[in-house]
Amino acid sequence: MPVDYDLVIVGNTPAAQVAAAAAVDLSARVAWVMPYRATSCYAHLYPHALHQASLKQSAHWDAHYPWQYAQATVGHFAHWSAPVLLAAQGVDIINGSGEFSQKSQLAFHTDQRRLTAKKYLLAMGSQPQIFNIPGLSQTGYLTLETLSTVVKSEKIPRRWAIIGTEAIGVELAQTLCRLGCRVTLLLESDQVLPEEDPEAVAIIQAQLEAAGVILFTQVVVMKVGIQEGAKYLVVNDQNIYVDEIFLAAPARPLVADFGLGNVGVEYDDQGVLVNQRLETSNKRILACGSVCGKVLGGYDGEHLAEYEAKLAVQNALTSQPQSTKYFHIPWVVFSDPQLARVGLTVGSAQRRFQQRLVFLQADYLDNPKAMMSETNVGFIKMVVRRNGQIVGATIVGPDAAELMQIIALAIRQRLHIETLSRFPGVTLTHTHLVVAAAQQWRRPSLWLQIMEPILEWLSVVRHKLAGEAAKRGGGKWQV
């Protein structure tokens, strides 16, 4: 039966927009269904804009200015990313919700239309998960989606409680302290960013406390309420009084109300299940971004969602499908100093490669630019196999996000560590830290060069046998 489009995209997210633009570049007939959402799909930019405003803070500005600046910045970005620009290029923009059905043929039904296509792409995104804390819903709280509503407040909150281990909590806590707020950060874990390199996290945590953040670790919020006009949290049998509560909560994929079960798309609380080509259990329907949860990438982020969106469009519309490769995609916490990671952490690399690793480290303390600017706290740590393959890196310090792009590109291009060591990095830049770390690598002895492939082959065989044994035993084997 004839179809209306080559691709129908469902979702009001930046990833959906990237997908629509990528499909236009392939000269495809595209429909973009944009379900209504109460907040801007660019809400994730608000904390970063607020951070930039905090750097501009002046004693002559009132308390509303940073929030107004952030809102204007996000609004400006959304204006230049408006769907009308894609509509001018031929994308059929459809506002409203809908669901899938498969009566006579696979289709997506909106309030006004029945859309049929060769392929469909799910890019609905996610929303913050709300903690099950007694009294929380009655007391009120903010999430990343609703943070911008503070600008409408007659009185800007001065005392904040931030609950949760997500990176946004660390970033926002530091920014709010810079704006003169009193911030309490409440964590169930024993440290901030529990999945990251402990040495790097120690620096971030020390900087948070130096900035004035009151840090509670390994605690559980037992109750939330309102007393005499102030919000309070019961933590370890003591009351913490604040003006506002922010939930740094994990995202929950938006999978309900789209009729996915009607067309055989499998999903659970973690998101839509996809394979390495981003195909769902219904091969005509693909998915990208945070609606897939953290199943494949291990972390989420808008840059990851955009990477998946472009790959999904290519797989949906061309005869040259590709599999996802997350190994070279960096992840960044925009704290001060920044923390960036790519590839394997030290712990995960040790579990995978046992002792066949070399760790290379360079400290900001030894970098001329860092010394002159008095921002010399931090380091770069690279994880390298003894054959010279770069498998991961962690950077904590100024410009960490920028420096990590170099290492991410090196990993993607499979550059040998010696290639980085010979790069003529400019001395009076932070970039020279990458070169300084790489220059610590020493070529292994001839005996190790001969034995390394043999040891690697034995490791692969051992893992394969262990996996087969686990399957026979009915268990799930993990490396």
(message) Could you check whether atom NZ of Lys283 has more than 12 heavy atoms from other residues, nucleotides or ligands sitting under 6.0 Å from it?
(response) yes

(request) Look at the side chain of Asn315 and the backbone N and O of Gln322, then say whether any donor-acceptor pair between them is shorter than 3.5 Å. (result) yes

(message) Atom CZ of residue position Arg159 - does it have more than 12 heavy atoms of other residues, nucleotides or ligands inside 6.0 Å?
(response) yes

(message) Side chains of Arg178 and Leu55, heavy atoms from C-beta outward: is any pair under 4.5 Å?
(response) yes

(request) Keeping the roles fixed (side chain from Asn376, backbone from Ala370), state whether a donor-acceptor pair exists under 3.5 Å. (result) no

(request) Of all the heavy-atom pairs spanning Pro66 and Leu179, show the shortest one and how long it is. (result) CG-CD2, 3.6 Å

(message) Any heavy-atom pair between the side chains of Tyr364 and Leu433 that's under 4.5 Å?
(response) yes

(request) Determine whether Val221 and Phe216 make a side-chain contact, defined as any pair of heavy atoms from C-beta on separated by less than 4.5 Å. (result) no

(message) With a sphere of 6.0 Å drawn around CD of Glu374, does it hold more than 12 non-hydrogen atoms of other residues, nucleotides or ligands?
(response) no

(request) Could you tell me whether the side chain of Thr280 and the main chain of Ile285 form a donor-acceptor pair under 3.5 Å? (result) yes

(request) Please round to the nearest 0.5 Å and tell me the distance separating atom OG1 of Thr146 and atom OH of Tyr46. (result) 11.0 Å

(request) Would you check if Gln227 and Tyr241 make a side-chain contact, meaning some heavy-atom pair closer than 4.5 Å? (result) yes

(request) Please round to the nearest 0.5 Å and tell me the distance separating atom CD of Gln338 and atom CD1 of Ile204. (result) 9.0 Å

(message) So, taking the atom named SG in Cys288 and the one named CG in Leu121, what distance separates them when rounded to the nearest 0.5 Å?
(response) 4.5 Å

(message) Assess the residue pair Asp268 and Leu273 against the criterion (side chain to side chain contact (heavy atoms under 4.5 Å, CB included)); give the C-alpha distance rounded to whole Å, side-chain angles, the decisive distance to 0.1 Å, and a yes or no.
(response) CA-CA 8 Å; Asp268 55 24; Leu273 305 181; 3.9 Å; yes

(request) Please name all residues satisfying side chain to side chain contact (heavy atoms under 4.5 Å, CB included) with Ser348, sequence neighbours left out, ordered by chain then number. (result) Leu344, Thr345, Arg351

(request) Applying salt bridge (charged side-chain N to carboxylate O under 4.0 Å, His left out), name anything that partners Arg284, two or more places apart in sequence or on another chain. (result) none

(request) For a side chain to side chain donor-acceptor pair (under 3.5 Å) with Lys381, tell me which candidate from Asp197, Thr394, Asp363 qualifies. (result) Asp197

(message) Could you check whether any side-chain heavy atom of Phe258 comes within less than 4.5 Å of a side-chain heavy atom of Leu122, counting everything from C-beta outward?
(response) no

(request) For Phe131, check ring-ring contact (aromatic ring centres under 6.0 Å, His included) against everything at least two apart and list the hits. (result) none

(message) Tell me whether Asp269 at atom CG has more than 12 heavy atoms from other residues, nucleotides or ligands lying less than 6.0 Å away.
(response) no

(message) If you apply the rule side chain to side chain donor-acceptor pair (under 3.5 Å), what do you find for Thr116 with Asp4, and how did you get there?
(response) CA-CA 5 Å; Thr116 59; Asp4 301 318; 3.2 Å; yes

(request) Using a 4.5 Å cut-off on heavy atoms from C-beta on, say whether the side chain of Ile93 contacts that of Met34. (result) yes

(request) Rounded to the nearest 0.5 Å, what's the gap from CD1 on Ile163 to OG1 on Thr184? Could you check? (result) 10.5 Å

(request) Measure the CG-CD distance between Leu278 and Gln314 for me, rounded to the nearest 0.5 Å. (result) 11.0 Å

(message) Are Phe334 and His51, when compared by the centres of their aromatic rings, separated by less than 6.0 Å?
(response) no

(message) Can you confirm whether Met222 is buried at CE, in the sense that more than 12 heavy atoms of other residues, nucleotides or ligands lie under 6.0 Å from that atom?
(response) no

(request) Check whether any side-chain heavy atom of Met124 lies under 4.5 Å from a side-chain heavy atom of Pro253, and answer yes or no. (result) no

(request) Starting from the C-alpha separation in whole Å, work towards a yes-or-no answer on side chain to side chain contact (heavy atoms under 4.5 Å, CB included) for Thr165 and Glu188. (result) CA-CA 8 Å; Thr165 58; Glu188 290 189 2; 5.6 Å; no

(message) If you define the side chain from C-beta out and look only at heavy atoms, does anything of Arg158 sit under 4.5 Å from Cys181?
(response) yes

(request) Using atom types as modelled and distance alone, determine if a side-chain donor or acceptor of Thr324 lies under 3.5 Å from a backbone N or O of Gln276. (result) yes

(message) Working note: Val192 + Leu215, criterion side chain to side chain contact (heavy atoms under 4.5 Å, CB included); need CA distance, chi angles, decisive distance, verdict.
(response) CA-CA 9 Å; Val192 300; Leu215 190 61; 4.1 Å; yes

(message) Working to the nearest 0.5 angstrom, can you tell me the gap between Asn282 CG and Lys119 NZ?
(response) 10.0 Å

